[in-house]
A.B. asks: 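Got a structure for you, written out below as structure tokens; questions coming shortly.
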2 protein chains.
Amino acid sequence: MLTLKQDHSELVVLSVLAIGPSYGYAISKAIATQSDGYFKLLPSAMYPLLTKLEKNGLVTTSWEEVKAAGADPDSTGRRRKWYTLSPKGHKQLARRIELHRQTQSIIDGFVAQAPENQLASG
Amino acid sequence: MLTLKQDHSELVVLSVLAIGPSYGYAISKAIATQSDGYFKLLPSAMYPLLTKLEKNGLVTTSWEEVKAAGADPDSTGRRRKWYTLSPKGHKQLARRIELHRQTQSIIDGFVAQAPENQLASG
DNA sequence: AAGAATATATCGAGGTTCGATATATCCAAA
DNA sequence: TTTGGATATATCGAACCTCGATATATTCTT
């Protein structure tokens, strides 16, 4: 179970939101599920990140009151904060994907020359 | 000019040291040169990192006194701290390369499904 | 003689992540 | 019906990381 660091967190969260709007808990579950439990994004890292995305205008948010079928009509119900990728967010994601590719390619160059690299010829 | 974050810094520095012993300034130059100026590892990030590698037993160190040809025989000369990858460091590098590959593969999975992904079919 | 390059290192400020904790609702099983 | 697990958002202090600036000193080039 690997913890995602900021750069990767942002890339992955933006990628998840690119499919469609979602909310914190669902994003966190999506990351755990789609990575077969390999990645986790803890609430203590996720919420500050989502807040930052909102502050930077990469996502817009709205609250949903999820009331159960037989719930007390006066109860507040469960609150869900939806995050929607903004046009700025879409552009940012495209930029980050490109950056990610370049970064990968160069890091792979360093790794490739290491004798520890199982895929290296020497 | 991208700044390397801790995980990547460690992977890249270990990869550089896997070729052979080196010292701080040379490592920093190697990273800048081999990445065509794309990556930088600032002294303020590099020296704490190298110290940590030493503390964790991944590298061993030794000082070299580099005296110039016509230098004052009593001068201390320029000091160079050499870093050599230890057996533990070699194992750690192999583990990190494997981890890096897995991480890449999963992140690519998330990125691949984003409509922003230029390489995606949709 | 001046300045660029070589070389190592620390400092405080600011940012990030962790584990723990807090709060509250909903659902399923005993 | 009550207990517990899952759903759901959020903050706190401690620990850690990185930045830009700064410090110090040597060596090479012009």
A.B. asks: At under 4.0 Å, does any side-chain N or O of A:Arg78 touch on OP1 or OP2 of D:dT7?
C.D. replies: no

A.B. asks: Counting side-chain heavy atoms from CB outward, which of D:dT7, C:dA9, C:dA20 is closest to B:Pro43?
C.D. replies: C:dA9

A.B. asks: In whole angstrom, give the distance that lies between atom CD of B:Glu54 and atom P of C:dA9.
C.D. replies: 9 Å

A.B. asks: What integer distance in Å separates B:Arg80:CZ from D:dT26:P?
C.D. replies: 15 Å

A.B. asks: Please tell me which of A:Thr51 and A:Val66 maps to the more 5' nucleotide of DNA chain D, matching each residue to the nucleotide holding its nearest heavy atom.
C.D. replies: A:Val66

A.B. asks: Give the rounded distance in Å between these two atoms: NZ of A:Lys81 and P of C:dA24.
C.D. replies: 19 Å

A.B. asks: Under 4.0 Å between a side-chain N/O of A:Thr3 and OP1 or OP2 of C:dC18, yes or no?
C.D. replies: yes

A.B. asks: Take the protein atom CG of A:Leu49 and the nucleotide atom C1' of D:dT9, then report the distance between them rounded to whole Å.
C.D. replies: 15 Å

A.B. asks: Is there a side-chain contact between A:Lys52 and the phosphate of C:dT16, meaning an N or O under 4.0 Å from OP1 or OP2?
C.D. replies: yes

A.B. asks: Can you measure B:Leu2 atom CG to D:dT18 atom P for me and round it to whole angstrom units?
C.D. replies: 14 Å

A.B. asks: Taking only the side-chain nitrogens and oxygens of B:Tyr23, find out if one of them lies under 4.0 Å from OP1 or OP2 of C:dT8.
C.D. replies: no

A.B. asks: Determine, stepwise, if the pair B:Leu99 / B:Arg95 fulfils side-chain contact (heavy atoms from CB on, under 4.5 Å).
C.D. replies: CA-CA 6 Å; B:Leu99 212 60; B:Arg95 228 173 302 152; over 6 Å; no

A.B. asks: Just by distance, with hydrogens left out, do B:Arg101 and B:Gln104 show a side-chain donor and acceptor under 3.5 Å apart?
C.D. replies: no

A.B. asks: Is A:Ser28 reaching over with its side chain to a backbone N or O of A:Gly24, donor-acceptor style, under 3.5 angstrom?
C.D. replies: no

A.B. asks: Whole Å only: how far is the CZ atom of A:Phe39 from the P atom of C:dC18?
C.D. replies: 13 Å

A.B. asks: State whether the side chain of B:Thr84 and the backbone N or O of B:Pro21 hold a donor-acceptor pair below 3.5 Å, judged by distance alone.
C.D. replies: no

A.B. asks: Nearest whole Å is fine: how far is D:dC12 C1' from A:Tyr47 OH?
C.D. replies: 16 Å

A.B. asks: Touch check for B:Trp63, heavy atoms < 4.0 angstrom, all strands: base, sugar-phosphate only, or nothing?
C.D. replies: sugar-phosphate

A.B. asks: Let me know the distance between CE of B:Met46 and P of D:dG20, rounded to the nearest Å.
C.D. replies: 15 Å

A.B. asks: When you match A:Leu42 and A:Gln6 each to their closest nucleotide on DNA chain C, which lands nearer the 5' end?
C.D. replies: A:Gln6

A.B. asks: Are B:Asp7 and B:His100 close enough that a side-chain donor and a side-chain acceptor fall under 3.5 Å?
C.D. replies: no

